[in-house]
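To start, the structure itself, in structure tokens.
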Amino acid sequence: MDYSPLLVCCYLLLTTTIHTEAADTINTTQSIRDGEALVSAGGSFKLGFFSPGTSKNRYLGIWYNTIPTVTVVWVANRENPVMDSSGVLNITDQGTLIIVNRNGTIVWSSNFKSFASNPIAQLLDSGNFVIKEQGNDNSNLYLWQSFHYPSDTLLPGMKLGRNRVTGLDANISSWKTPTDPARGKFIFGFDQGGYPEMIITEDSAKLYRTGPWNGLRFSGTPSIRSNPIYSDGFVFNQDEVYYNYELLNSSLLLRMVINQQGVVEQLIWVSGARGWMVFRTLMTDQCDNYAMCGTYGSCNINNSPMCSCLKGFVPKVPREWNVADWSNGCVRKTPLACSQDEFLKFTSVKLPETRTSWSNVAGYMAMNMSLDECHFLCMKNCNCSAYANLDIRGGGSDCLLWFNELIDVRDYTEGGQDMYVRMAASELVHINATAKSNVQKRTAIAVSSVLSTGLLLLVLALILYWRRKRQKNRKLKDMLERNANIKGHKEDQELTMFDLGTIARATDNFSLINKLGEGGFGPVYKGMLKDGQDIAVKRLSESSKQGIDELKNEVTYIAKLQHRNLVKILGCCIQADEMMLIYEFMPNKSLDFFIFDETHSTLLGWPKRYHIINGIARGLLYLHQDSRLRIVHRDLKAGNILLDCEMNPKISDFGLARSFGGDETEANTNKVVGTYGYMSPEYAIDGLYSVKSDVFSFGVMVLEIVSGKRNRGFYHPEHYLNLLGHAWKLHKEGRASELIAASMEDLNDESEALRSIQIGLLCVQRSAESRPTMSSVVLMLGGEGALPEPKEPGFFTEREIIEAKSSSTHKLCSPNGLSISLLEAR
């Protein structure tokens, strides 16, 4: 007979309970029950039981005690929740922490036993929960501490790394879901192979690496420099290897976290309504993806294409390289010859992966090495492929050698390090000769061009300058007049005119790190105003073909519209040669970021998707019927639906919108603009647009939201239909439930999803007259009555779309020809 539960129950009867939240310590005769808590002595952190989000499961965790937003930084029983509020935390006579449920079953234990005579557990103001001998405050003598077993958060003072004596590894791992703190598939910690560097993995597959520590920062993070918020460092000796950081101002709150998308961010608390703000992000662009350009390839985010082979190397599979498949990387042009080889210097690079590297700083050695000594070591070993200084401070010191292939190199405009790559002597001669010849050619061409065309260029420059100045002045005047007219309407919101300096400061002078993306108008940047408000800034690009018209549309329409499901414009900036629009910032990006991504789609369950469908419908109803202007958007798509912090949808990008006046219900255009896959047949073929054109686009989005598949490029092995045709086929055969995305595990009642599919099919019917109005759509979404049967969709095969596009192109020969401008991505 097992007496363990009985013994635990007897143990609980002998313990007392902490009845005050002022206590920061429990001993072997005390316990913490669900509903009670420990608070650190300075009041910074609280420990107790909690339920994440909508979950009813109970976990023992630590969270900030001084802010209104419950932010959990550590979870004890993250894999084994207590199913009700019966959980109790105790510390045993052996110094072991245990959590037991109502049955007396131990659901979690710190798995530590000591010979302590009087062990206590204490919550410290650092957020560390420790076991120690009563009266002993020496941190080196803690018997156990939560800092050694992180969850998804790295707090100041915590060590991320390995104790090489005990073999204990400390890394942070994402929560499984927002309501389940169990270890997820993303982990951030050290790769111990070769010279240590930090990596992000997804199910053990490497996604990102920081590069080795160079004395100031990690090689792959040149933009992260010294700052007034925190200092950080890297320790590598015979006892341990770890990274940590410390706050320079103890009044600030800063944490590093890995979220459920695998993004590692440093978040800083901003008081007031701002909450947690992103201070630093490790991965900033595509070149940060691990091995983006394969072996001996180099990635440069400012180049197009972004991948190229290192000098002296060529694509391994040219055919794949030419179609942007860089996975097989590059190979040497000329084989090595060992003792006759030389080295080519590469500057401002992220050092390659260090798994097959060697360093004189291995934790056991104290010798220093110069760059020349490093070169000598690499030269005499035929397997050494490259070398570099390990520490870049003071002109450089210490040595890092690579063996075998070099992988995950990238070029930086500034920052980065020098690296010396082994080359065949003949190849190096060829490279140097080519470089010298190119310099001579460029010099000769430049001199002759300057001498022969200097005067002509000067004249042309003056003409262009004055012409451009007049055009800019005229545009500026038009926009200012529009702004004045907007402010003249009492029912319109006031459009603020921002000065260029304010926007430049808010976006850190339009830094690449703050760039959110790029559309037809130009690049979009994230910024923060002086009052802490986040903004998104659309900056008119010099190369924009439609930016001026789009800017006018945005100011004309969005500034006059106010609805919770439309993006809000805050103002504009028209100064010098700059034209910019300033919007409220949407932290959750756009709808397509979630529904079409296998990982992110799991974060968007059916209730949220249905909420988004309804929100888009209400926004469209306002545009078509309730707004003073009565607007047709003309470019509705998942990429133009932005999501706020609560996942509320906001229709954005009114650059192609048109308004109807009086009794107008439809109009024609001789230039069709929009996005392939969302355009209605009558608009794509005949240039005829109306509110029913937007209804068609809405129907496409509904089917995409339910299925998680794109209409454009949809593939099914049994037929050649696109998503619209596939949905219609399934509906006719009574198998519409097969269209529902498999990622929606929270779909308890599929009737709502099936109703949405039928509504989507009604909206994409070939005939505009057959499609419902948005007022009818809103009623159908909110009702439970029977729905009419949809007729055949328009454009329900890819071939049909291509043929329609081709036939409309032939109309260009007529006097009233139709010009089609399909926007692939905006």
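Residues: numbered from 1 along the sequence shown. Side chains included, hydrogens not; waters and symmetry mates left out as well; all remaining heavy atoms used. The structure displayed is predicted, hence computed values, not measured ones.
- A donor-acceptor pair is defined here as one N or O able to donate and one able to accept, closer than 3.5 Å; no such pair exists between the side chain of Arg710 and the backbone of Leu723.
- Within the 4.5 Å cutoff, the side chain of Phe147 has no heavy atoms near those of the Phe129 side chain.
- For the atom pair CG (Leu643) and NE2 (His611), the distance works out to 9.0 Å, reported to the nearest 0.5 Å.
- Look at Arg162 and Asp169 and you find a salt bridge, because one of the NZ, NE, NH1 or NH2 atoms lies within 4.0 Å of a carboxylate O, short of that distance.
- Although no hydrogens or angles enter the test, the distance criterion places a donor-acceptor pair under 3.5 Å between the side chain of Ser652 and the main chain of Asn640.
- Relative to the six-membered ring of Phe714, Lys709 misses at least one condition, a distance below 6.0 Å or an angle of at most 45° to the axis.
- Here the side chain of Trp276 pairs no donor or acceptor atom with the backbone of Trp269 at under 3.5 angstrom.
- At distances below 3.5 Å, not a single donor-acceptor pair connects side-chain atoms of Thr210 with backbone N or O atoms of Phe218.
- Checked for salt-bridge contact, Arg410 and Asp285 meet the test: a charged N lies under 4.0 Å from a carboxylate O.
- Classification of Arg319 and Asp325 as a salt-bridged pair fails, no side-chain N sitting under 4.0 Å from a carboxylate O.
- Not a single donor-acceptor pair under 3.5 Å links the side chain of His726 to the backbone N or O of Leu721.
- The line from CG of Asn302 to CG of Leu512 is 6.0 Å long, rounded to the nearest 0.5 Å.
- When all heavy atoms are compared, the tightest approach of Asn300 to Cys287 is N-SG, 3.6 Å.
- Atom CG of residue Asn289 and atom CE of residue Met306 lie 8.5 Å apart, to the nearest 0.5 angstrom.
- Of the possible polar contacts, none joining the Asp288 side chain to the Met283 backbone as a donor-acceptor pair under 3.5 Å is found.
- Not a single donor-acceptor pair under 3.5 Å links the side chain of Asn389 to the backbone N or O of Asp391.
- Between the side chain of Ser743 and the backbone N or O of Ala741, no donor-acceptor pair lies under 3.5 Å.
- Looking at Ser51, its side chain does come within 3.5 Å of a backbone N or O of Asn57 through a donor-acceptor pair.
- Rounding to the nearest 0.5 Å gives a distance of 6.5 Å between CG of Asp411 and OG of Ser308.
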> Could you walk me through whether Gln266 and Tyr245 pass the side chain to side chain donor-acceptor pair (under 3.5 Å) check?
Replying inline: CA-CA 11 Å; Gln266 280 183 316; Tyr245 66 98; 5.2 Å; no
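- Taking the charged nitrogens against the carboxylate oxygens, Arg209 and Asp191 have no contact shorter than 4.0 Å, which rules out a salt bridge.
- The pair Lys311-Glu427 does not meet the salt-bridge criterion, since no charged nitrogen lies less than 4.0 angstrom from a carboxylate oxygen.
- Heavy-atom minimum distance, Gly211 versus Lys350: N-CE, 4.2 Å.
- The two residues Arg78 and Asp152 come nearest to each other via the heavy atoms NH1-N, 4.4 Å.
- By the 4.0 Å N-to-carboxylate-O rule, Glu240 lies too far from Arg164 to be salt-bridged with it.
- Here the closest heavy-atom approach between residue Glu353 and residue Tyr290 is recorded as OE2-OH, 2.8 Å.
- The shortest non-hydrogen separation linking Arg217 to Pro222 is CD-CA, 3.8 Å.
- Remark: the backbone N or O of Glu750 is not paired with any side-chain donor or acceptor of Trp606 at under 3.5 angstrom.
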